[in-house]
Each structure stands twice: as structure tokens, then as C-alpha cells.
Amino acid sequence: MEQRHPPIDFTQLPGPYEAWKLGVICGDTGSGKTSALHTVSTFYELHGLPWQTEPPIAAGNTAICSYPELHGGDVKSISLKFQAVAMHSLPTRVKPFHVLSQGERERFLLATSLKEGQLGSIGDDRFAMVDAETAHSLCTGLHRYLCQHDCGRILLATCKKSVLPFLQPDFVIELLPDKAVVHRNGHGISALTSPMRPMVSINTAVERFAGGPGGGWRGPEESLDDMPLQSRTGQRIPGASVREEFQVSVGLDECTAAVSKAFDHPFDGSIKQKCFRLKPEALSFSWSIGAIIGPSGSGKSTNLKNFGQGLPFQWDPAKSVWDQLPYGDKKKLLEAVTLGEAAARRSYDQLSAGERSLAQLARSLCSNGSVITVDEFTSLLDRHRAYQVCTKIHPFIMERGIQLVVAGCHKDIADWLRVNWVFEADSGELLQVQDFTVGSPPPRIAVSFEVPKIDLVMRRLETSTRSRNIFASHFEAHHYMDGLLPTGLYGQLIRTTSGELVAFHAVSAQPGQIHNAMRESRLVVLPPWQGYGIGPRASTLAAELIVASGMRLFCKTSQEALGSHRSKAPYLWRPTTTNGKPMTASLSEGFTRKRKREAKRLEGGSAGHEGDVVDNIDVEPPVFDADCVACVRERDGVRRAGRPPKHTCGRAPKAPLDNDVAHRRPVVRRVCYSHEYIGPGRHQQKGPVEDVNEEELKASTMLKLMTTEQIPEMAEIVLV
């Protein structure tokens, strides 16, 4: 490959026989990162390694978790590798390869390259197709995985310098216009005995929880979350989208069984994917440029096809890019997409990944159609180059009088491109933009290995109705359980200091005979923010507030990672009698069955509970085979009522059942992790310092410090 990068001083790099695990080459678009990858890999004798390409596509109904290239025969490694590449969404792990988004495909390919005992691997811009938050989560997981597993030497290239503090590589080669600078990290992966975690803090002004009718979270005005759910301003158009469901089936094997065990319903191989589709009639106003924004896998490309997205242009490797642009003023076209003429005089195969995306953009603008669509707009570019493209392409589109629709995972393109409308694919909201002020350019980021800090704020939601609505609109899609929402749901939102949504936490009344008790009803961390331990910290913070209010908090989850974390902190969480036992039905389903029994009793019939002795039965119920769980059977001389979920005791089917389990609903026996918080309450100082018990405050502080230090990194946080 032609060397197009500044000369590298190899004396500043680790020697060929020195220990290192991860090296990164970073630079702006067109700086020569791909060429430098070849040069450095040859220096370390990694030139024999194949470049990562798509794995052999198995049968169309094969889930990605079942690919041998991923697990290599070790089923237990599936979850670890998915966590390492920030594929936290459980339904995504059982999808077939052909339905994955571009960002999900890139991360899956990166996961297949993580193999223990290998010589090494090479990857070019594996973080490009995801937003900044997901890239940071990916690098945190990758750092943790490489610290704990020997995958040889890995050499990566990226244009995102912001990922370096999360990745903590052993060295970085920064490609500048006139030179290459080598940065050595004294605390890189090879020098660490345990992963270096980002420092996460959650602050709150909420003071207490009030139980009973009209209860909820209490605190001063600044503790109330009255901020908009989306930071973008403009006129929101109601009813602009409809939620559609796409279904795809995959084959069942031990890999899909291992992944789907976190669901609270039987997984039959059918995957239902929901996404919002923009209604064409919603764009009834005059517009020139529109943007579809959303994280990876939110349905951006699906919506873009509604505007007539065509197939990518097939470039002729024997011709230059210049010769394959059917446009009159080619220099003006190349200037609009910021692609230099020297680069355009080369063939498409000789361009870097970022330059290829600019060439594809220029070829799309040559179209004679009334609407031009561009997928993954500026995703492969550094953000400074993306800013230049947006500011120069806007006047080009306005002069030609055509319509342009772009899709991308970076939110900044909407401000820089001065769009007329923005469709948020993850929430289904359409926003008509009336402010055409050009956004400010991104700040320059220097190479840094400082441990990143994540500052979050937890605020209360004023009413139960608002809690339910926010959960349904922004968090329900990331919650994989079937239980119904309680009527009295008291929620809190966790945001960044800039107001971006991060997580949702809610409690509800604990049913039963326990006085002044609440239960943790929902805890959902959005996928881009998973992997930092935010879920356990939010749960502990809410528990401190409830205990300080003189109440008790019970938590139940089927998520193994969260349950194990609580079991390892006995000074904070005490296991209940149901901890570690199989849970066969959700709480809401139990209430449904109880109401049916009460209705049957009031009608004069008998409706016994499963396992209860049935007395005074006037009519002899029908008798079925011994394996039928819907029969009234006799055991040890005592008659007992037996029925599966959603059956009424004694109400038998019209025809006798046989022993075929297909006639019965499978019973989901997932392990339940049930705990009660017994740690200290959160002290809210309301008077002079001398009024506070110093010994209690010291003990609380010590426990809080222990909690912060011992909280492990979490991959998925899903509560029932």
C-alpha cells in the first residue's frame, strides 16, 4: 500500500519484544491512518493477519450469538464478548446478521476478532458507525475485556480522540499534518492488573419519600425534573409517526438459550423488532433538508428507504473517482463535499475510509432525482471535517433547489446542516426547525489518558402519570420483561449535567402484609450508558432515601449480574426467603389470577389456588391424564386443584389433553434474586453540623465509600 502518512519514529514505540496489548493510531480524515496501520503492523510482524471482513454468513435464520467465529465453542464467552463491544441489548444478540444495522455489524465484527491465544488483530475505524456515548461504552468494555483476557496484540485506527481515556491503550500514534507523535501510556492495559474504570457520581437534591395516598418523592424545587425530554428546540408535530413491528425468526440452540434466559417469557425463536416509521403526510410543510437522527439500531436506514434510497454506486477500480462523477462543474462538487482533487484523481480503492464516504456523497449529489438520500452521513469523518462538510453542502443544496434527507447517529449534524426538520428515530418525534443558526464547531481534543469522569444528576418526577408516560415513551423498548406497570409508579430520571437522558428508576408499593414497604419496580439504563455501574449506584441512592424516610425497600430481579452484585454486598443488601429460587410468574399475573379466583367465589363456584386443599366440591370435576396440569387430581388422599397460569381451576378444555407439551404453556423457571436494602439512610443535613450524630454519619460515609469502590462494572440493568 502507498505510504500516505507522516514518518513514524519507531524508536519511541515499544520494541518488537516488549509487552503491549493495545495500540491506537488516531488522526483526522485523510491523515493516513489506514496506511499507518499497514506500516506499524509490518513493524510488529502482524502483516500476516487478515483484515477484518464480514464472517461467513450462516443460514439466514442463524442468530449472531450462534456464530462459531464469535464463541469458538465456549457458550459462556458469548455474553462477555457482547459486553466488550457494547452490544448490551439482549434482543440484538439473538438477531440474524442480515437485519443488523451498520453500527451493530461493525461491533459484531470487532467481537469476532477477540480470540484468546491469537497473535493479534487489526481493525480500521470500528467506532465510526456509533454515536459518541456508545463509542465510550464500547471502549470501556473493550478495555475491561483486554485486561482480563490474552487476545494478543491489537492495533486499531480511529478518528475519535475522545475514546482514548476510556480505552487506555499502551501507546497512541497521533498523525498530524506534518508529523507523527507517539504518546506512551504508563498506565496502559498491559501495565494493569485490574480494569481502570471511569469515575461515576450521581448527585441528587431529593430529600425523602412520602408513602400513602398522594405520596411520592419529595424535595426542593431544584429536585423536580421538569426539563424537556429532548434538548432540541422547535415545533413538535404530533402524530408524525407510527410504531411498526417487524418479526424475524432464528433457529434455537444452546447459544440462543443462554442469551434468552434473562427474558421472563419463553423464547421460541421469534424476534419482534419495533421501530417508529415517519408518516409522509407529516411533512406537509415546505422543506429542503431533513435529518433522521438516532442511535445504532433505532431504524434510521429503514425510514430513509421511504424516501427512495437506492443501492450504493459500484465503483470501477480501473478508473479514478474523478472520471466516475457525472457532473458538469466537478471542482464545485468536490469543494462542496471537501474532497480534494488530488484524492479524486485516485481510484476508489486507493482512498481511505473517510475519503470513500466523501466520494459516495459526491456521487449521490450527481443524482437527477428530486430527493437525494444519504445514509450514515459524516459518520466516518472526524467531527471537524464533518462540520466543514455540513457548512459547505448547505448552500450547494439550496442553489440546486433539490431536497436532501440524511441519516446519522451524530446529533450535531442537524445544527451544522441547518435542516428544516429532524426525525428522532428512537422516540418517533418529528421536530420542525425554525432556527437556522449554524451550530458552533467542535472543540479540538488533545490526546489524553486521564481517567474519565461521568457526572450525573437524579431528579424526581412529579406525578405517577408522568412517570408512566416517560417510561413508556423512552425506556420501555429497553425493558425486556412482560410485567404490567403499577398504577402507583414513583419515578426518577437520571441525566447528564447537560440534560441528556441516561436512566430511569421507579418504585411502587410493596404488596403484602409488610408495613411501610416499597419495591423497586423499574430500573432501566439506556444502552449507550450501560457498562459503568450506573444501575447499582442509582438503586442504592434511591434505597438510601427510602430508608432515611423510615420505610423499607425490597428489590427483585432476574438479572444475574445485578443479583450477584447485591449478594456480594451483605452489609447493604439482605437476601429474602425467595432469593435464588425459581420465579414462574410475574407479580401482575399473580394478581390477575387472584382476581379470577375471587370472581369465581362470588359467583358461587369454587376456585382453589394451586396446591390448596379443595373442600365441599358439589360437582365432580372432569378427570384427565396425570400429566395434565389443568385437572383436579388426588395426591395422598387429598384433593388438590392444579392449573397453569391464566387458567381457572376446574375449567377444563373441551377435549382431554395428552402428554404433548405443545398443548401447554411452557413454565419459565428463571432464578429470582430478591433482596432488602439494610444499609444506612441518606443523611440530608437540615440544621447545624453539631445537630448531626457524628458516629452515625461516619459509619454511613464509610459504607458509602465501600459501596463506591466495590460496585462492579455492569453490562445490562433490567429490573422486574
Side-chain angles (χ1 to χ4, degrees), residues 52-116 118 121 123 126 129-130 134 137-138 141-142 144-146 148-149 151 246-274 295-298 477-481 527-528 530-531 558-562 564 666 668 670-671 713-718:
Q52 293 301 313
T53 57
E54 294 187 1
I57 302 301
N61 65 338
T62 301
I64 59 174
C65 63
S66 302
Y67 274 60
E69 293 83 1
L70 176 69
H71 56 76
D74 183 9
V75 179
K76 295 182 180 179
S77 67
I78 295 177
S79 179
L80 295 176
K81 289 190 176 180
F82 278 132
Q83 293 174 19
V85 296
M87 295 187 72
H88 301 301
S89 174
L90 296 180
T92 302
R93 301 180 181 183
V94 292
K95 289 181 181 178
F97 185 83
H98 68 273
V99 303
L100 297 180
S101 66
Q102 291 293 332
E104 291 169 341
R105 290 188 180 190
E106 290 294 326
R107 284 179 282 166
F108 174 68
L109 295 177
L110 179 59
T112 59
S113 67
L114 300 177
K115 299 178 181 179
E116 293 193 55
Q118 65 179 358
S121 62
R126 290 299 185 196
M129 296 292 186
V130 295
T134 303
S137 178
L138 188 160
L142 185 61
R144 179 171 59 248
Y145 188 89
L146 294 180
Q148 300 169 348
H149 301 82
C151 297
F246 303 91
Q247 186 167 332
V248 62
S249 298
V250 296
L252 299 178
D253 54 22
E254 60 176 345
C255 299
T256 56
V259 173
S260 62
K261 68 179 182 180
F263 301 153
D264 70 341
H265 55 83
F267 180 64
D268 58 358
S270 178
I271 305 169
K272 296 180 180 179
Q273 183 178 3
K274 297 180 180 180
S296 177
S298 59
H478 308 287
H479 189 265
Y480 315 124
M481 305 302 174
Q530 294 177 10
S558 63
Q559 184 62 34
E560 183 179 0
L562 183 58
S564 301
V668 184
R670 52 197 173 93
V671 176
E713 296 297 327
M714 305 295 297
E716 298 98 19
I717 307 299
V718 181

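These numbers were taken from a predicted model, which means no experiment stands behind them.
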Heavy-atom nearest pair, Val75 first then Ala258, reads CG1-CB, 3.7 Å

Interatomic distance, CZ@Phe108 vs NZ@Lys95, rounded to 0.5 Å, equals 13.5 Å

Check: Cys65 and Cys255 side chains under 4.5 Å, non-hydrogen atoms: yes

Quick one: does any side-chain atom of His71 pair with a main-chain N or O of Gly73 as donor and acceptor, under 3.5 Å? yes

Within the side chain of Arg144, is there an N or O that forms a donor-acceptor pair under 3.5 Å with the backbone of Ala84? no

Tell me whether Arg105 contacts the main-chain N or O of His98 through its side chain, where contact means a donor paired with an acceptor under 3.5 Å. yes

On a heavy-atom basis, the closest approach of Ser101 and Gly297 is OG-N, 3.3 Å

Under a 4.5 Å cut-off applied to non-hydrogen side-chain atoms, are Ser296 and Met129 in contact? no

Atom CZ of Phe82 and atom CG of Leu90: how far apart are they, to the nearest 0.5 Å? 10.0 Å

Measure the shortest side-chain to side-chain distance between Leu142 and Leu114 over non-hydrogen atoms and say whether it is less than 4.5 angstrom. yes

Does Glu116 CD have over 12 foreign heavy atoms under 6.0 Å away? yes

Asp253 meets the side chain to side chain donor-acceptor pair (under 3.5 Å) criterion, sequence neighbours left out, with Ser66, Thr256

Kindly compute the distance separating SG (Cys151) from CG (Leu146), expressed to the nearest 0.5 Å. 5.5 Å

Sequence neighbours left out, what passes salt bridge (charged side-chain N to carboxylate O under 4.0 Å, His left out) with Glu104? Give chain and number order. none

Once side chain to side chain donor-acceptor pair (under 3.5 Å) is applied, do any residues pair with Thr134, and if so which ones, sequence neighbours excluded? Asp131

Output the distance between atom OG (Ser77) and atom CG (Leu70), rounded to the nearest 0.5 Å. 6.5 Å

Distance only, no hydrogens: is a donor on one side chain within 3.5 Å (strictly under) of an acceptor on the other, for Gln247 and Ser270? yes

Within the side chain of Arg93, is there an N or O that forms a donor-acceptor pair under 3.5 Å with the backbone of Met87? yes

Distance col, row Leu138:CG vs Gln83:CD, nearest 0.5 angstrom, shows 12.5 Å

Do Tyr67 and Thr112 have side chains that approach each other closer than 4.5 Å (heavy atoms only, starting at C-beta)? no

Determine the minimum heavy-atom distance between Val250 and Ile271, stating which atoms define it. CG1-CD1, 3.9 Å

Is there side-chain contact between His149 and Leu80, with at least one heavy-atom pair below 4.5 Å? yes

